[in-house]
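Down below is the structure, laid out as structure tokens.
Naming: A, B, ... by sequence-line order, numbering from 1 per chain.
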Number of protein chains: 2
Amino acid sequence: MKQKVHSGSKPKLKECLEEEAYLELCRTTDLLSRRLGGLLKAEDLSANQYNILRILRGSPDGLPCGEIGNRMITRDPDITRLLDRLEKRELITRCRETKDRRMVMARIAPGGLKLLAELDEPVREAHAGQLAHLGRKRLWALMELLQEARSEG
Amino acid sequence: MKQKVHSGSKPKLKECLEEEAYLELCRTTDLLSRRLGGLLKAEDLSANQYNILRILRGSPDGLPCGEIGNRMITRDPDITRLLDRLEKRELITRCRETKDRRMVMARIAPGGLKLLAELDEPVREAHAGQLAHLGRKRLWALMELLQEARSEG
DNA sequence: CAACAATACTCGTTGTAACGAATATTGTCA
DNA sequence: TGACAATATTCGTTACAACGAGTATTGTTG
């Protein structure tokens with residue numbers, strides 16, 4: 001996920017505005033991601049693993065693997081292996097659904113909740129430290145623009 | 001003024017605006033990156049390799065490996081191997097500097113220029129297709145906000 | 001029931017990122 | 001000159017992403 005983009009040369013005339021905007025986006029995301037990455041690495045979590053945990057925390061009833069795959073845009077064999085690692089560390093649990101026994105529901109486990117809870121504060125502080133200087137107004141403006149950017153892709 | 005007291009349940013983490021903005025940023029960058037990723041994969045280029053080629057195109061006199069590493073925020077040994085792969089495909093050339101013989105200058109090769117040239121149009125079209133609906137005004141606003149976001153991290 | 005679709009999984013593969021440790025060469029400076 | 005710094009490299013390691021092919025189980029439908 002980490003995508004690095006060169007930030008050196010001045011924009012050539014031929015480069016279109018959309019491309020420049022994309023580069024800005026990459027640079028910014030990359031910069032902001034580094035701190036978070038450091039926090040996660042200290043807990044031996046990959047960004048994807050962290051995302052899964054947060055998704056599952058938001059769905060206390062659990063989610064089928066396929067649904068996780070849809071949200072992450074990741075193929076199901078890869079989701080399976082991601083969940084394998086998380087399950088081995090007892091951060092999540094899996095159990096087969098009784099209704100539709102084709103599905104396996106993944107739920108966050110106490111260990112996963114605890115780990116997330118420990119990360120919440122530093123993560124929030126990291127983001128605040130990096131973005132608070134924008135202020136509420138510009139943050140809202142930024143979020144709105146980003147949503148609009150995705151709204152018609 | 002009366003103070004509100006939490007009853008029993010754990011105080012919900014205040015979803016801070018900065019964190020939300022970061023998530024929006026990630027979602028947007030991720031979405032936009034996928035098309036580019038497809039174009040690059042068709043040419044067997046990783047995002048990092050593509051970035052290096054673009055950096056080098058912007059520096060016709062070549063760059064020392066260390067400078068590339070600085071721009072990409074990537075460690076020396078990894079840059080070396082990235083350049084190895086690019087050199088093997090004759091997309092770049094390397095030669096030792098005569099002045100300071102510790103340095104090795106990497107330059108883009110004709111093959112690299114050609115490959116980039118072939119990618120320029122589809123890449124630009126992809127980005128335009130994804131972002132043009134914002135219009136110039138909002139694109140500028142977005143870019144400005146992103147620059148400000150990085151200006152104090 | 002048979003055929004098919006959906007779900008998750010197993011297995012294998014390749015390339016890469018990221019990191020640590022060590023080395024050779026060269027330049028700089030006290 | 002000798003000690004040190006800078007540059008790039010080699011080597012080894014681990015984990016992960018991404019992809020393809022195939023399998024087992026279960027549900028659905030004609």
Legend entry - Residue closer to the 5' end of DNA chain D, R101(A) versus R85(A) (nearest nucleotide): R85(A)

Inset, instruction - Name all pairs fulfilling the salt bridge (Lys or Arg N to Asp or Glu O under 4.0 Å) condition that reach into residues 125-137 of chain B, sequence neighbours left out, sorted by first residue then second. - result: none

Legend entry - Selection residues 40-50 of chain A - residue pairs positive for salt bridge (Lys or Arg N to Asp or Glu O under 4.0 Å), sequence neighbours left out: none

Figure out the [atom1]/[atom2] separation between [X] and [N], and round it to whole Å.
X       : N       : atom1 : atom2 : answer
R89(B)  : dT16(C) : CZ    : C1'   : 14 Å
E87(A)  : dA8(C)  : CD    : C1'   : 13 Å
L40(B)  : dA17(D) : CG    : C1'   : 16 Å
N70(A)  : dA6(C)  : CG    : C1'   : 12 Å
N51(A)  : dA17(D) : CG    : P     : 10 Å
R102(A) : dT23(D) : CZ    : P     : 20 Å
L82(B)  : dA8(D)  : CG    : P     : 14 Å
L45(B)  : dT16(C) : CG    : C1'   : 13 Å

Provide a list of protein-nucleic acid N or O atom pairs under 3.5 angstrom, restricted to nucleotides 19-21 of chain D.
unit_1, atom_1, unit_2, atom_2, d
dC19(D), OP1, K41(B), NZ, 2.5
dC19(D), N4, D78(A), OD1, 3.3
dC19(D), N4, R81(A), NH2, 3.4
dG20(D), OP2, R75(A), NH2, 3.3

Looking across every strand, which nucleic acid part, if any, lies under 4.0 Å from [X] by heavy atom: base, sugar-phosphate, or nothing?
X       : value
Q49(B)  : sugar-phosphate
E97(A)  : nothing
T80(B)  : base
D100(A) : sugar-phosphate

Legend entry - Polar contact flag, side-chain donor to acceptor under 3.5 angstrom, S33(A)-Y22(B): yes

Legend entry - E24(B)-Q147(A) side chain donor-acceptor pair, cut-off 3.5 Å: yes

Inset, instruction - Give a yes or no on whether the backbone of G62(B) and the side-chain of S59(B) come within a donor-acceptor separation of less than 3.5 Å. - result: no

Inset, instruction - Please determine if a side-chain N or O atom of N48(B) lies less than 4.0 Å away from the OP1 or OP2 oxygen of dA17(C). - result: yes

Inset, instruction - Please determine if a side-chain N or O atom of S46(B) lies less than 4.0 Å away from the OP1 or OP2 oxygen of dA17(C). - result: yes

Inset, instruction - Identify, between R96(B) and E67(A), the residue whose nearest nucleotide on DNA chain C lies closer to the 5' end. - result: E67(A)

Legend entry - Residues D120(A) and R124(A) bridged, charged N to O under 4.0 Å: no

Inset, instruction - Carefully, step by step, assess T93(B) and R107(B) under the rule side chain to side chain donor-acceptor pair (under 3.5 Å). - result: CA-CA 5 Å; T93(B) 62; R107(B) 288 186 183 79; 5.5 Å; no

